[in-house]
Amino acid sequence: MRRPFIILAVMLFAALFAGIAIDYTERQSLRPLAANYVKRVPQELGAPNIITGILLTYRGFDTLGEVAVLFMVAAGVGLVLGERSPRRRDAVPAEPVEIIPSSELVQNGAAVLLPLISIFAAYIIMNGHLSAGGGFQGGAIIASGVMLLLLARPEYRIDHGFLGTTESLAGVLFVLAGIAGLIFASGFLDSRMLPLGQFGAFFSAGAIPIISVLLGVKVGCELSVIVDRFRG
């Protein structure tokens, strides 16, 4: 009974996506709202990357809400999968868990890839106003590096206190940057609180690179905690 139901569900999804794909036609021109953003972001914000300019300035308050949701997810995962309280740990002795070391291939691969992942994450975060990337993407790359580290060294223990403090500090500075936009510019997280600089230069686009760094640190710490909690 279960197999026919699964086959029927797959066929229904296939028909749904086939209908979307068959009727899809690529637009030859931008919608008015998209065209407005394409025109305004380089002129007003000095950022070649239109999406980063929208996320960190025009939709900055919404981005703050998304980060808050991610924080609540990390807190919920920590509450459900976190270590047992000292009282319960004393009452019920935990059974010793045998840690199986990773293979030599994984360890050597991690030793080579981890520095490259760290550099790539920093590049994605710092160049988010110039090309594809930004704080969210860079934070996810940071968490992928942490996951590789845990796979290569199962005995390694992450300092949750350090990650929590760093994440909280980045969040506070993120909110303060938003308030500074209200005071020194014309809106929450308005990047024009700092000079725009030369268009396309590394130090340009006002405060967008700084906001992107704060966002990347916060997202990276939160996702790293989630990854470590699921390790058990």
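Position 1 is the first residue of the sequence, and the numbers go up from there. Scope of the values below: all heavy atoms of this structure, side chains included, with no hydrogens, waters or symmetry mates.
A 4.5 Å side-chain heavy-atom check between Asp228 and Val146 finds every atom pair outside the cut-off. Counting heavy atoms from C-beta outward, Leu130 and Asn49 have side chains that stay 4.5 Å or more apart. Contact check for Phe61 versus Leu189: no side-chain heavy atoms found under the 4.5 Å cut-off. Two residues are said to be in side-chain contact when any heavy atoms from C-beta on lie closer than 4.5 Å; Leu56 and Ser212 meet this criterion. Side-chain atoms of Glu167 and Val217, non-hydrogen and from C-beta on, never get closer than 4.5 Å to each other. Between Gln107 and Arg153 the shortest side-chain heavy-atom distance does not fall below 4.5 Å. Residues Ser204 and Gln198 have side chains not in contact (no heavy-atom distance under 4.5 Å, counting atoms from C-beta outward).
The hydrophobic clustering, which links ILVMFWY residues whose side-chain heavy atoms are closer than 4.5 Å, places Val38 and Ile208 apart. Placement of Met147 and Phe162 within a single hydrophobic cluster is found when ILVMFWY residues are connected by side-chain heavy-atom separations under 4.5 Å, directly or transitively. In this structure, Leu55 is not a member of the same hydrophobic cluster as Tyr37, with clusters built from ILVMFWY side-chain heavy atoms closer than 4.5 Å. Hydrophobic clustering (ILVMFWY, side-chain heavy atoms < 4.5 Å, transitive): Ile158 and Ile141 are in one cluster. The cluster map of Ile, Leu, Val, Met, Phe, Trp and Tyr, joined by side-chain heavy atoms under 4.5 Å apart, puts Leu45 and Ile125 in different clusters.
Put simply, the side chain of Ser102 gets close to the backbone of Ala152: a donor and an acceptor are under 3.5 Å apart. Within the 3.5 Å criterion, the main-chain N or O of Phe202 finds a donor-acceptor partner in the side chain of His129.
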Inset, instruction - Test Ile210 against Leu194 for side chain to side chain contact (heavy atoms under 4.5 Å, CB included), laying out the working first. - result: CA-CA 10 Å; Ile210 298 176; Leu194 295 179; 3.7 Å; yes
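In this structure, CE on Met11 lies 14.0 Å from CD1 on Ile6, to the nearest 0.5 angstrom. Atom-to-atom distance recorded for Arg40:CZ and Thr57:OG1 is 11.0 Å, nearest 0.5 angstrom. Rounded to the nearest 0.5 Å, atoms CG (Leu223) and CZ (Phe136) are 9.5 Å apart. Note that NZ of Lys218 and CG of Leu163 are 12.0 Å apart. Values are rounded to the nearest 0.5 Å. Taking CG from Leu173 and CD1 from Ile211, the interatomic distance works out to 11.5 Å, rounded to the nearest 0.5 Å. Separation of atoms CD1 (Ile119) and CD1 (Ile124) is listed at 13.0 Å; rounding is to 0.5 Å.
Of all the heavy atoms in Arg192 and Glu44, the pair that sits closest is CD-O, 3.2 Å.
Remark: Phe199 CZ is packed, more than 12 non-hydrogen atoms of other residues, nucleotides or ligands lying under 6.0 Å away. By the neighbour-count criterion of 12 heavy atoms within 6.0 Å, atom CD of Glu155 is densely surrounded, having more than that number from other residues, nucleotides or ligands. Heavy-atom neighbours of Phe120 CZ from other residues, nucleotides or ligands within 6.0 Å: at or below the threshold of 12. Residue Tyr123 places its OH atom among 12 or fewer non-hydrogen atoms of other residues, nucleotides or ligands, all under 6.0 Å distant. In Phe188, the CZ atom is crowded: over 12 heavy atoms of neighbouring residues, nucleotides or ligands sit closer than 6.0 Å. For Met126, the CE atom is densely surrounded, since the number of other residues' heavy atoms within 6.0 Å is greater than 12. A 6.0 Å sphere centred on CG of Leu70 holds more than 12 heavy atoms belonging to other residues, nucleotides or ligands.
Hydrophobic cluster membership for Leu8: Leu12 (Ile, Leu, Val, Met, Phe, Trp, Tyr linked by side-chain heavy atoms under 4.5 Å, directly or transitively).
Glu66 has a carboxylate O that lies under 4.0 Å from a charged side-chain N of Arg59, or vice versa, which qualifies the two as a salt bridge.
Evaluation of the ring-ring contact (aromatic ring centres under 6.0 Å, His included) rule for Phe174 yields no partner, not counting sequence neighbours.
Side-chain contact of Ser186 with Asp190: a donor-acceptor pair under 3.5 Å is present, judged by distance alone.
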